[in-house]
Amino acid sequence: MPQFQRQTRLAPANPQAIAEAAACLRAGGLVATPTETVYGLAADATDERAVAAIYAAKGRPRFNPLIAHVADAAAGREGRLDDFARRLIEAFWPGPLTIVAPVAATCRVSLLARAGLDTLALRCPDHPVAQALIAAAGVPLAAPSANRSGRLSPTTAAHVAADLDGRVDWILDGGPARRGVESTIVACLGGAPRLLRPGALTSERVEAALGVALDRATPGRAPIAPGQLASHYAPRARLRLGARRLQAGEAALDFAGALADAGAAVRLDLSPSGDLDEAAARLFACLRALDDDGAARIAVAPIPERGLGAAINDRLRRAAAPREDDV
Ligand code: TXA
Ligand code: MG
């Protein structure tokens, strides 16, 4: 029997289910939980076996550092927070911002969850179910997105079940994820904070709170967030970005009706009214729906780069990139 074969319980995230799922976490189990960004696959970050089970369930080919999800107050115990990190926590936690900091001497997060690094990614999710799980488990929770490796991040419990049924112990259903794209990751490791991954919190807001410009990842520099590798968020279909007209056989992923008259057999609009927050929330669900429909090629309308458009375009570029060894 493969090691990941498990009896998966899928239930609405009510207090009873949360309590049972938290007990399961304390015993080393795997629990898929809603967060405000995407669904996460949580395990006790201090327990190497539980963390190893995350990689097995996702089918990740190699270890990649995971975000430790903490209660606001616990962050200083796990990571060494400089003034920039404190300012960001003050301004945005709980919320869709992950901070990478040097590991503190009191850090409980296992080496495996950190992939051996002496830095640590910390996040305090703005979701009552995730917060209740963290509080009841009493330990930081390692939680990557709750999808099979190489598939899109899940924004509903049904997406999680499609990928991980039989591989995890619990799936807590908290309805569709409000934000729909992953957290923004900022490294505070001395010097100017560095943007490692654009995400659900715009870099404009981060910079306004910091009072300094973010250092940006430079192309050609080795990625320090493996999620920066090109083809990470991949649907099965091939994507063509910035499309203004359709080619034969393409399905359309539209924005603000730009491709409405293009004659696509299948067309989904991320936001007919041109609202980038709505587009971010619907991005992964729309890509999944087009994939499930059997589209071989998807033409994607241009998405403006302002606000959450930066995170949306980042995910689309990765999804369109030639496939690499997946992380
Ligand atoms: O919104 C989110 O952040 C979701 C929800 C579930 O919280 N989680 C998520 O986790 O997106 P994951 O594992 O799919 O992405 C974590 C990213 C990876 O790109 C990883 O390389 C980076 O965080 N990361 C983790 N620890 C790091 C570290 N010490 N230094 C640099 N990057 C790190
Ligand atoms: Mg992921």
Side-chain angles (χ1 to χ4, degrees), residues 31-43 45 51 54-55 57-60 62-70 78-80 92-104 107 109-127 129-131 133-134 140-155 159-160 163-164 172 174 177-189 193-201 217 221-234 280-281 284 311 314-315 318-319 326-327:
V31 174
T33 176
T35 81
E36 80 278 33
T37 56
V38 299
Y39 275 69
L41 179 56
V51 174
I54 291 181
Y55 290 101
K58 284 180 62 88
R60 256 192 194 185
R62 53 196 161 84
F63 298 136
N64 182 25
L66 303 177
I67 297 172
H69 294 66
V70 293
E78 310 301 337
R80 278 192 282 126
F92 300 115
W93 277 15
L97 173 69
T98 295
I99 294 172
V100 173
V103 168
C107 178
V109 175
S110 66
L111 267 173
L112 182 57
R114 286 153 35 202
L117 298 176
D118 53 11
T119 59
L120 175 67
L122 291 164
R123 158 157 148 75
C124 178
D126 183 16
H127 195 288
V129 176
Q131 287 185 358
L133 278 180
I134 294 165
L141 297 179
S145 48
N147 52 281
R148 288 279 278 279
S149 186
R151 298 222 51 204
L152 295 161
S153 290
T155 54
H159 294 160
V160 178
D163 274 15
L164 296 178
L172 295 173
R178 193 154 38 92
R179 303 288 193 147
V181 289
E182 298 86 348
S183 61
T184 301
I185 305 181
V186 174
C188 296
L189 299 171
R194 185 164 165 216
L195 180 68
L196 299 185
R197 176 175 78 180
L201 182 69
R221 196 145 104 187
I224 71 168
Q228 290 177 301
L229 289 178
S231 69
H232 188 60
Y233 303 88
F284 292 131
D314 173 78
R315 303 303 186 273
R318 292 171 205 277
D326 174 69
V327 293

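Ligands are counted one by one from 1 in listed order, and the atoms in each one are counted from 1 as well. As the structure is a computational prediction, the values presented were derived from the model and not from experiment.
- At a 4.0 Å cut-off, not a single heavy atom of Arg114 sits close enough to ligand 1 to count as contact.
- Between the side chain of Arg148 and the main chain of Asp163, a donor-acceptor pair closer than 3.5 Å is present.
- Looking at His69 next to ligand 1, an N or O pair under 3.5 Å apart turns up.
- Between Asn147 and Leu164, the closest heavy-atom pair is N-CD1, 4.1 Å.
- Polar contact check, Arg123 against ligand 1: a nitrogen or oxygen pair lies under 3.5 Å apart.
- Between Glu182 and ligand 1, no N or O atom pair is found at a separation short of 3.5 Å.
- Contacts of Leu117 with ligand 1, taken as heavy-atom pairs under 4.0 Å, involve the side chain alone.
- Contacts with ligand 1 closer than 4.0 Å are made by heavy atoms of both the backbone and the side chain of Ser145.
- For Lys58 (side chain) and Ala146 (main-chain N/O), no donor-acceptor pair under 3.5 Å exists by modelled atom type.
- Contact annotation: Ser145 places an N, O or S atom under 2.8 Å from the Mg ion (ligand 2).
- Checked by distance only, ligand 1 and Tyr39 stay at 3.5 Å or farther apart across all their nitrogen or oxygen atoms.
- Within the 4.0 Å heavy-atom criterion, the part of Asn64 lying near ligand 1 is the side chain and not the backbone.
- Closest approach of Arg123 and Pro96 over heavy atoms only: NH1-CA, 3.6 Å.
- Distances shorter than 4.0 angstrom do not occur between any heavy atom of Pro125 and any atom of ligand 1.
- With Ile99, Ile185, Leu41, Leu196 as candidates, the residue nearest to atom 17 (C) of ligand 1 on a non-hydrogen basis is Ile185.
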message: For a side-chain contact (heavy atoms from CB on, under 4.5 Å) check, start with the C-alpha distance between Trp93 and Val70, then their side-chain angles and the critical distance, and finish with the verdict.
response: CA-CA 10 Å; Trp93 277 15; Val70 293; 4.2 Å; yes
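- Near Ala121, meaning under 4.0 Å from any of its heavy atoms, are these atoms of ligand 1: 25 (C), 26 (N), 27 (C).
- For ligand 1 and Gly40, the ligand atoms under 4.0 Å from any heavy atom of the residue are 6 (C).
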message: Could you go through His127 and Arg178, starting from their C-alpha distance and side-chain angles, then the distance that decides it, and tell me whether this counts as side-chain contact (heavy atoms from CB on, under 4.5 Å)?
response: CA-CA 9 Å; His127 195 288; Arg178 193 154 38 92; 5.6 Å; no
